[in-house]
Amino acid sequence: LQKLRTLATLSGFELIDSRFMRLSKGSLFLFPFFYPFILLSSYTRFLNKKIKLRKHPQRDIILSIYLQQLRLNISIKELLNKHTFLILRKICNSEDFSHNNNENYKPFGKIM
C-alpha cells in the first residue's frame, strides 16, 4: 500500500479513500498478537520524524503526509482487510514534478 501511495503521489494523484472489501480470517487471528507492536512501532517512527523535522521549512506539509501514513498503518480496517481498493484523485500533471532531482544526490565519484 505504501509503494502504491508513493507512486500515485509521484504521478500527481492524492489518496481520497480506501474501501473495505472483505475480512481476512488470518489477519483477524493474528491481530491481537501483532497490533500492539504495529501501534508502538508506527507511533515511535512518527514521533522521531516529528522531532527531526523540528526546524524544517516545510515541516507542516511533511508532517501531514507522515500523519496520513500513520493513520493508514494503524487503521484496524486496513489491517483486517483482505483486498485493498483505493480511490485516487488527480491533483496535477506529472509534468509539473521534477523527476530528475540532482540536488538530492551526488555522483559516486564525488562522494569519495
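Side-chain contact between Ile76 and Leu79 is absent, with no heavy-atom pair separated by less than 4.5 Å. Two residues are said to be in side-chain contact when any heavy atoms from C-beta on lie closer than 4.5 Å; Leu80 and Ser24 fail this criterion.
Note: the hydrophobic cluster containing Leu63 does not contain Leu72 (ILVMFWY, side chain heavy atoms under 4.5 Å, direct or indirect links). Under the 4.5 Å side-chain heavy-atom criterion for grouping Ile, Leu, Val, Met, Phe, Trp and Tyr, Leu4 is connected to Phe13 within one hydrophobic cluster. Note on Leu30: it clusters hydrophobically with Leu39, by side-chain heavy-atom contacts below 4.5 Å among ILVMFWY residues. Grouping the Ile, Leu, Val, Met, Phe, Trp and Tyr side chains by contacts below 4.5 angstrom, directly or via other members, places Ile62 with Tyr43. Hydrophobic clustering places Phe33 together with Leu23 (ILVMFWY residues linked when any side-chain heavy atoms are closer than 4.5 Å, directly or through intermediates).
Rounding to the nearest 0.5 Å places CG of Leu15 at 12.0 Å from CD1 of Ile65. Summarising the geometry, atom CG belonging to Leu67 is positioned 11.5 Å from atom CG belonging to Asp60; distances are rounded to the nearest 0.5 Å. The CZ atom of Phe20 lies 10.5 Å from the OG1 atom of Thr84; values are rounded to the nearest 0.5 Å. Note: Tyr66 OH to Arg71 CZ = 16.0 Å, rounded to the nearest 0.5 Å. Taking NZ of Lys3 as the start and CG of Leu7 as the end, the distance is 9.5 Å to the nearest 0.5 Å.
For the residue pair Arg45/Ser41, the side-chain donor-acceptor check at 3.5 Å is satisfied.
Legend: residues meeting ring-ring contact (aromatic ring centres under 6.0 Å, His included) with Phe31, ordered by chain and number and at least two apart, are Tyr35.
Residue pairs that meet the salt bridge (charged side-chain N to carboxylate O under 4.0 Å, His left out) test with at least one member in residues 8-32, sequence neighbours left out, are Glu14-Arg89, Asp17-Arg19.
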Report all side-chain donor-acceptor pairs from residues 46-53 shorter than 3.5 Å, counting only partners two or more places apart or in another chain.
residue	atom	partner	partner atom	Å
Asn48	ND2	Thr44	O	3.4

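Across Lys77 and Ser18, no two heavy atoms sit closer than the pair NZ-O, 3.0 Å.
No donor-acceptor pair closer than 3.5 Å links the side chain of Asn73 to the backbone N or O of Ile38.
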